[in-house]
Asks: 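Have a look at this one.
Predicted model, so just to flag it, every value in this text is computed and none were measured. In what follows, every heavy atom counts, from backbone to side chain, and hydrogens, waters and symmetry copies are set aside.
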Amino acid sequence: MAVDTAVLVVDPGAESLGVLQHERPHGGANAGEWALPGTFLHEGETLADAVLRSLAEKVGLRGTRPQQLHVFDDPDRDDRGWVLSVAHVVLVLADDVDPVLANRPDVRVVPVENAAGQPFGHDEIVRLAVDRVQQDYALRPDPAHLLGDQFTLKALQALHDAVAPQPGPGEARPSIDTFRRYMVGRGLIQPTGESARKEPGSSVMGKPAELYRRSADVRDLTEVLGVRPVRKDRSRADRGADASGPAGSFRGLSGHKVNPHIQRLVDDVGTRVPLTLSGMPHYVAVRPAGEERVAAYARPQTLSIGLDPDDAESVGAEFRSFRLERTSAATHHVHVPMLALAEPVERRAAMAALERALARVAGSS
C-alpha cells in the first residue's frame, strides 16, 4: 500500500493555486519525472505517519495537516504492479513553501491546470484535490485556517479568490461588498471589535481595517449557493436568456465543467424525478422542479447530496468512497467522487441518495 499527497499551494497576492511536485531520483521508477510526493507504507506505520514522512523526505515540508482524499485502486496506475494508494490533500500558503523551493532544486510549484503528464495517476489526484478544496472554500470562511484566528475581510477575500477557479473571458470576481454580504450577512464571520495594526513605515492612509473571526455557530447551508468565484461581466443589454439554465437535463445546459459520469447520473435520475439544473460559475445546482431550495451540487469531479443527518450517516458508513460532511444539525452532505460512479453498486447508491434528496426538498415546501 502507498500514499500520495497533493500539496496545493495558494498565493493570495498572485491570485494563484499551484501544486507541489518533486523530481523523482535517478535509479528508481520514472526517474527524472515530476510527480506528487508519495511513499510505500512501512510495516506497522499508519497512513498519517507515512504521509508526514513522505512530505518531509520528498519535499522537505513539515508541520502540515493532510486530509484523506480518496483510495485509488486502478491496477494500471503503476507499471511496477498493482498498488493501492490512499491519496491525501493539504493546502498551504506560498510563503510557507518558499524556503523549501529556495533550497531544493528538485522541488517546484506548477499551476494546477499545468499539472499534467504525471506518473502513477497523479493527474487525477490533483483534479480531485482541487475540486475538494474549491468546494470547501465556496461555502466556508478559510476552512483550512491558513489566516489564523483573526483576519481582515480583504485578506479573506484574497485567499478565497486565489483558491477559486480563475475567471474566464467576460467574467470577473465578486466585489468586496458581495463577499461581505455573504460572509457577514450569513453570520459566517463576526467582527472582533479590534482593528489590524499598521505596519511600521506604512504609507497607507485612513482607518485601520477591521478584524474578523469565524463564527462559532453552526449554520445550515442547504440553501446557500456559496461565494461565486466568478460572475458574468455583462451589460444590461446582454442579459437575455443564456445556456446556464435552468434546464431539465445536462443536455440542455452548457458552460459547465461537470464530469460526464456525474452528468449521466443526474440525467438518469431526472427521467424518474422532475428536476431543474442551474449553471453557476463553479457548479450546477440541482433542484426539484418548481423549487428554490437546492438538493445537490454537481461539481466538476464531485456530486454533493444534501440528506437528513441519519440518512447521510448511514450512507457514509456503508460507502467509504463517499465523504460525509456534517454541515449542520438539519442537513449533512454526502460527497460522491466521480471515480466512485464507475462502480455499479456505488452508482446505484448515489442515484438513490439523490432521489431522496430531491424528495426531501420537495416535501418540505
Asks: Test your reading of the model: is there a side-chain donor-acceptor pair from Ser314 to the backbone of Asp311, 3.5 Å cut-off?
Replies: no
Asks: Which value, rounded to the nearest 0.5 Å, describes the distance between Arg180 atom CZ and Leu156 atom CG?
Replies: 11.5 Å
Asks: Are the side chains of Asp268 and Met351 in touch, meaning some heavy atoms are under 4.5 Å apart?
Replies: yes
Asks: I want to check something: taking the side chain as every heavy atom from C-beta on, are Glu124 and Gln301 in contact at a cut-off of under 4.5 Å?
Replies: yes
Asks: Quick check on Arg272: does its CZ atom have over 12 non-hydrogen neighbours (other residues, nucleotides or ligands) under 6.0 Å away?
Replies: yes
Asks: Say you draw a straight line from OG of Ser304 to NE2 of His335; how long is it, rounded to the nearest 0.5 Å?
Replies: 4.5 Å
Asks: Is any NZ, NE, NH1 or NH2 atom of the basic residue among Asp142 and Arg213 found under 4.0 Å from an Asp or Glu carboxylate oxygen of the other?
Replies: no
Asks: Answer with yes or no whether the side chains of Arg360 and Thr331 bring together a donor and an acceptor at under 3.5 Å.
Replies: yes
Asks: Using modelled atom types only, decide if a donor and an acceptor are shared between the side chain of Gln150 and the backbone of Ser195 within a distance under 3.5 Å.
Replies: no
Asks: Heavy-atom distance under 4.5 Å between the side chains of Tyr212 and Glu210, does that happen here?
Replies: yes
Asks: How many angstroms lie between CZ in Arg251 and CG in Leu253, if you round to the nearest 0.5 Å?
Replies: 11.5 Å
Asks: Please list, chain by chain and in numerical order, all residues satisfying side chain to side chain contact (heavy atoms under 4.5 Å, CB included) with Glu113, sequence neighbours excluded.
Replies: Pro111
Asks: What is the minimum heavy-atom distance between Asn103 and Pro105, and which atoms define it?
Replies: O-CD, 3.7 Å
Asks: Less than 4.5 Å apart, side chain to side chain, heavy atoms only: is that true for Leu188 and Ser215?
Replies: no
Asks: Is there a side-chain contact between Ile125 and Leu69 (heavy atoms, below 4.5 Å)?
Replies: yes
Asks: Got a donor-acceptor contact below 3.5 angstrom from the Arg299 side chain to the Tyr283 backbone?
Replies: no
Asks: Using the six-membered ring wherever Trp is involved, compare the ring planes of Tyr297 and His333 and label them parallel, tilted or perpendicular (cut-offs 30° and 60°).
Replies: tilted
Asks: Aromatic ring centroids of Phe179 and His160 under 6.0 Å?
Replies: yes
Asks: For Asp310, is the CG atom crowded, meaning more than 12 foreign heavy atoms sit under 6.0 Å from it?
Replies: no
Asks: Report the distance from atom CG of Leu153 to atom CG of Asp177, rounding to the nearest 0.5 Å.
Replies: 9.0 Å
Asks: I need the minimum non-hydrogen distance between Val89 and Ala129, along with the two atoms involved.
Replies: CG2-CB, 3.6 Å
Asks: Can you name the side chain to side chain contact (heavy atoms under 4.5 Å, CB included) partners of Ala353, sequence neighbours left out?
Replies: Ile305, Leu307, Arg356
Asks: Going from CG on Leu93 to CG on Leu159, what distance comes out if it is rounded to the nearest 0.5 angstrom?
Replies: 7.0 Å
Asks: Under 4.5 Å between any side-chain heavy atoms of Leu61 and Thr64, yes or no?
Replies: yes
Asks: Where is the tightest heavy-atom contact between Ala196 and Pro208, given as atom of each residue plus distance?
Replies: O-CB, 3.3 Å
Asks: Between Asp267 and Arg264, does any NZ, NE, NH1 or NH2 come within less than 4.0 Å of an OD or OE carboxylate oxygen?
Replies: no
Asks: Answer yes or no: is there an ion pair linking Arg347 with Glu343, defined by an N-O contact shorter than 4.0 Å?
Replies: no
Asks: Tell me whether Gln67 at atom CD has more than 12 heavy atoms from other residues, nucleotides or ligands lying less than 6.0 Å away.
Replies: no
Asks: Answer whether the closest heavy-atom distance between the side chains of Gln134 and Pro165 falls below 4.5 Å.
Replies: yes
Asks: Would you say Asp49 and Thr46 are linked by a side-chain donor-acceptor pair, where the criterion is simply a distance under 3.5 Å?
Replies: yes
Asks: Applying side-chain hydrogen bond (donor to acceptor under 3.5 Å, both in side chains), can you list everything that pairs with Thr178, at least two apart in sequence or on another chain?
Replies: Ser175, Arg181
Asks: Restricting to side chain to side chain contact (heavy atoms under 4.5 Å, CB included), what partner residues turn up for Asp11, sequence neighbours left out?
Replies: Ala14, Ser16, Ala94
Asks: When you compare the side chains of Arg132 and Thr302, does any donor N or O come within less than 3.5 Å of an acceptor on the partner?
Replies: no
Asks: How close do Pro143 and Arg140 get, heavy atom to heavy atom, and via which atoms?
Replies: CD-O, 3.5 Å
Asks: For the backbone of Leu36 and the side chain of His122, can you confirm whether one donor and one acceptor N or O come within less than 3.5 Å of each other?
Replies: yes
Asks: Look only at the side chain of Arg104 and the backbone of Lys58, and say whether a donor-acceptor pair between them is shorter than 3.5 Å.
Replies: yes
Asks: To the nearest 0.5 Å, how far apart are CD in Glu45 and CG in Leu52?
Replies: 9.0 Å
Asks: Compare all side-chain heavy atoms of Leu8 with those of Val130 and state whether any distance is below 4.5 angstrom.
Replies: yes
Asks: Check whether Thr5 reaches the backbone of Val7 with its side chain - one donor and one acceptor, N or O, closer than 3.5 Å.
Replies: no
Asks: Is there a donor in the side chain of Asp4 and an acceptor in the side chain of His88, or the other way round, less than 3.5 Å apart?
Replies: no
Asks: Charged N to carboxylate O below 4.0 Å: is that the case for Arg62 and Asp96?
Replies: no
Asks: Taking only residues two or more places apart in sequence or in another chain, which ones pass side-chain hydrogen bond (donor to acceptor under 3.5 Å, both in side chains) with Arg108?
Replies: Gln21
Asks: Take His70 and Phe72, measure what ring-ring contact (aromatic ring centres under 6.0 Å, His included) needs, and give me the verdict at the end.
Replies: CA-CA 6 Å; His70 188 73; Phe72 289 82; 5.0 Å; yes
Asks: Does the Glu23 side chain pair with the main chain of Val107, one donor and one acceptor, at a distance under 3.5 Å?
Replies: no
Asks: Tell me, which pairs form a ring pair (Phe, Tyr, Trp, His ring centres under 6.0 Å) where one or both residues lie in residues 246-272, sequence neighbours left out?
Replies: Phe250-His256
